Student: 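Sharing a structure, written as structure tokens. Questions coming.
Keep in mind that what you see is a predicted model, and the values were worked out from it rather than measured.
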Amino acid sequence: MYSLDTLIDKKHIVKNGYFETTGSAKANHANNILCYAITSDYIQIADNNPFISCIITNQELSEQIKNKAIVVHEEPDILFGQVTNQLIIEGVVFPQIDYSVDKTAKISPSAVISDKCKIGKNVIIGRNTIIEDYTILEDNVIIGDNVVIGCDGFYFKRNKAGELVKFLHAGGVHLHKNVEVMTGSMVQRAHDATFTVVGEGTKISVNVNIGHSSHIGKHNMITGSVQIAGRVKMGDYCWIGTSATISDSVII
């Protein structure tokens, strides 16, 4: 458990409080979550979310907060990113999974597999594929050659000085049973301590990118060279045509 004043300059703290991890205003993956909010709608969501204990926001919006500890900063998102980055570097923020590799999995000798992952029955992993930390591959998942599962996404924010601030990624990837990912594709890990998710039976063709923190439903067909940005939510039984681009946070 962290006190706000151990990681944040006291001059920014209106009401001190404690948190265990960081996440979005809608997060429910843990208790005592620090988040940021820069709109009135998200202030209300965070203030009424029982999993949130502390909110970083601006001076004007801070007056709407009734139930949480408060940090006021002119760049709430940048400060939140700096705190999260520090916790990730310290190894504090990460998803909780049991690490194991089932003996029936068939893994190419040239594949690189993290020892912090869970691989189920009859999983197949192709040549030169990389499986990063905090990846879950359920039973009968097929991963082709030259695939990367669990890499960082492209997540930067521009501060008021015009500089790009990199947000590190703390999460993982969860591919449900019977998912197939073909040659050259990439699935990015979640930004916070949750998972980018691909639902049961979904098929991902060649050279596809699935962005960080996206949730892809069941039995979808995602065809070649599709680009899906971060935080996309896709339902079930969708078909995404060749070379389509889906922008950040789109809901399908």
Student: Below 30° counts as parallel, above 60° as perpendicular, anything between as tilted: where do the rings of Tyr155 and His191 land?
Tutor: perpendicular
Student: Picking from Thr196, Ile210, Ile251, Val197, what satisfies side-chain contact (heavy atoms from CB on, under 4.5 Å) with His215?
Tutor: Val197
Student: Checking the side chain of Gln86 only, and the main-chain atoms of Leu7 only, is there a donor and an acceptor separated by less than 3.5 Å?
Tutor: no
Student: Which residue pairs satisfy the salt bridge (Lys or Arg N to Asp or Glu O under 4.0 Å) criterion with at least one member in residues 183-195, sequence neighbours excluded?
Tutor: Asp152-Arg189
Student: Work out which heavy atom in Lys15 is nearest to a heavy atom in Lys68; give both atom names and the distance.
Tutor: CD-O, 3.7 Å
Student: Should the pair Asp145-Arg127 be classified as a salt bridge under the 4.0 Å nitrogen-to-oxygen rule?
Tutor: yes
Student: Measuring centre to centre across the rings, with the benzene-like ring taken for any Trp, is Phe167 within less than 6.0 Å of Phe156?
Tutor: no
Student: How long is the gap from OG1 on Thr39 to CG on Asn58, to the nearest 0.5 Å?
Tutor: 10.0 Å
Student: Once rounded to the nearest 0.5 Å, what's the spacing between atom CG of Asn32 and atom SG of Cys54?
Tutor: 7.5 Å
Student: Evaluate whether atom OH of Tyr18 has more than 12 neighbouring non-hydrogen atoms of other residues, nucleotides or ligands under 6.0 angstrom away.
Tutor: no
Student: Under 3.5 Å, which donor-acceptor pairs link side chains of residues 225-243 to any protein atom two or more places apart or in another chain?
Tutor:
{"unit_1": "Arg231", "atom_1": "NH2", "unit_2": "Asp248", "atom_2": "OD1", "d": "3.0"}
{"unit_1": "Arg231", "atom_1": "NH2", "unit_2": "Asp248", "atom_2": "OD2", "d": "3.3"}
{"unit_1": "Asp236", "atom_1": "OD1", "unit_2": "Lys218", "atom_2": "N", "d": "2.7"}

Student: Same hydrophobic cluster for Val83 and Ile33, using side-chain heavy-atom links shorter than 4.5 Å among ILVMFWY?
Tutor: no
Student: Between His73 and His12, is there a donor-acceptor pair closer than 3.5 Å when you use the side chain of the first and the backbone of the second?
Tutor: no
Student: If you measure from CG on Leu87 to CG on Leu34, what distance do you get to the nearest 0.5 Å?
Tutor: 8.5 Å
Student: Is there a chain of hydrophobic side chains (I, L, V, M, F, W, Y, each step under 4.5 Å between heavy atoms) that links Ile88 to Tyr2?
Tutor: yes
Student: If only atom types and distance count, is the side chain of Glu132 paired as donor or acceptor with the main-chain N or O of Gly150 below 3.5 Å?
Tutor: no
Student: Quick one: does any side-chain atom of Ser62 pair with a main-chain N or O of Thr57 as donor and acceptor, under 3.5 Å?
Tutor: no
Student: Find out whether Val92 and Thr21 are in side-chain contact, i.e. whether some heavy atom of one side chain is under 4.5 Å from a heavy atom of the other.
Tutor: no
Student: With distance as the sole test, does Asp139 use its side chain to make a donor-acceptor pair with the main-chain N or O of Gly120 at under 3.5 Å?
Tutor: no
Student: For Thr84, which residues count as a side chain to side chain donor-acceptor pair (under 3.5 Å) partner, sequence neighbours excluded?
Tutor: Thr22
Student: Between atom CG of Leu4 and atom CZ of Phe19, what is the distance when rounded to the nearest 0.5 Å?
Tutor: 6.0 Å
Student: Sorted by first residue and then second, give each salt bridge (Lys or Arg N to Asp or Glu O under 4.0 Å) pair with at least one member in residues 81-90; sequence neighbours left out.
Tutor: none
Student: Please check: side-chain N/O of Asp133 versus main-chain N/O of Gly172, any donor-acceptor pairing under 3.5 Å?
Tutor: no
Student: Any chance NZ of Lys118 has more than 12 other-residue heavy atoms, nucleotides or ligands included, within less than 6.0 Å?
Tutor: no
Student: Keeping Asn48 on the side-chain end and Ile45 on the backbone end, is there a donor-acceptor pair under 3.5 Å?
Tutor: no
Student: Is it possible for you to say whether Phe51 and Val93 belong to one hydrophobic cluster, with membership spreading through side-chain heavy-atom contacts below 4.5 Å?
Tutor: no
Student: Scan for ring-ring contact (aromatic ring centres under 6.0 Å, His included) pairs involving residues 26-45, sequence neighbours excluded, and state none if there are none.
Tutor: Tyr36-Phe80
Student: Taking atom types as modelled and ignoring hydrogens, do the side chains of Ser3 and Asp5 form a donor-acceptor contact shorter than 3.5 angstrom?
Tutor: yes
Student: With no hydrogens and no angle check, is any side-chain donor or acceptor of Thr202 less than 3.5 Å from a backbone partner on His219?
Tutor: yes
Student: What's the separation between atom CG in Asn122 and atom CD1 in Ile124, rounded to the nearest 0.5 Å?
Tutor: 8.0 Å
Student: Linking I/L/V/M/F/W/Y whenever any side-chain heavy atoms sit under 4.5 Å apart, do Ile113 and Ile143 land together?
Tutor: yes
Student: For the side chain of Ser185 and the backbone of Asn207, is there at least one donor-acceptor N/O pair under 3.5 Å apart?
Tutor: yes
Student: Enumerate donor-acceptor pairs with a distance under 3.5 Å from any side-chain N or O in residues 173-183 to protein atoms, sequence neighbours excluded.
Tutor:
{"unit_1": "His174", "atom_1": "NE2", "unit_2": "Glu138", "atom_2": "OE2", "d": "2.7"}
{"unit_1": "His176", "atom_1": "ND1", "unit_2": "Glu138", "atom_2": "OE2", "d": "3.3"}

Student: Which residue, Ile246, Ile216, Val198, forms the side-chain contact (heavy atoms from CB on, under 4.5 Å) with Ile222?
Tutor: Ile216
Student: Is it the case that more than 12 heavy atoms not belonging to Lys157 sit under 6.0 Å from its NZ atom?
Tutor: yes
Student: If you measure from CD1 on Ile119 to CG on Leu137, what distance do you get to the nearest 0.5 Å?
Tutor: 5.0 Å
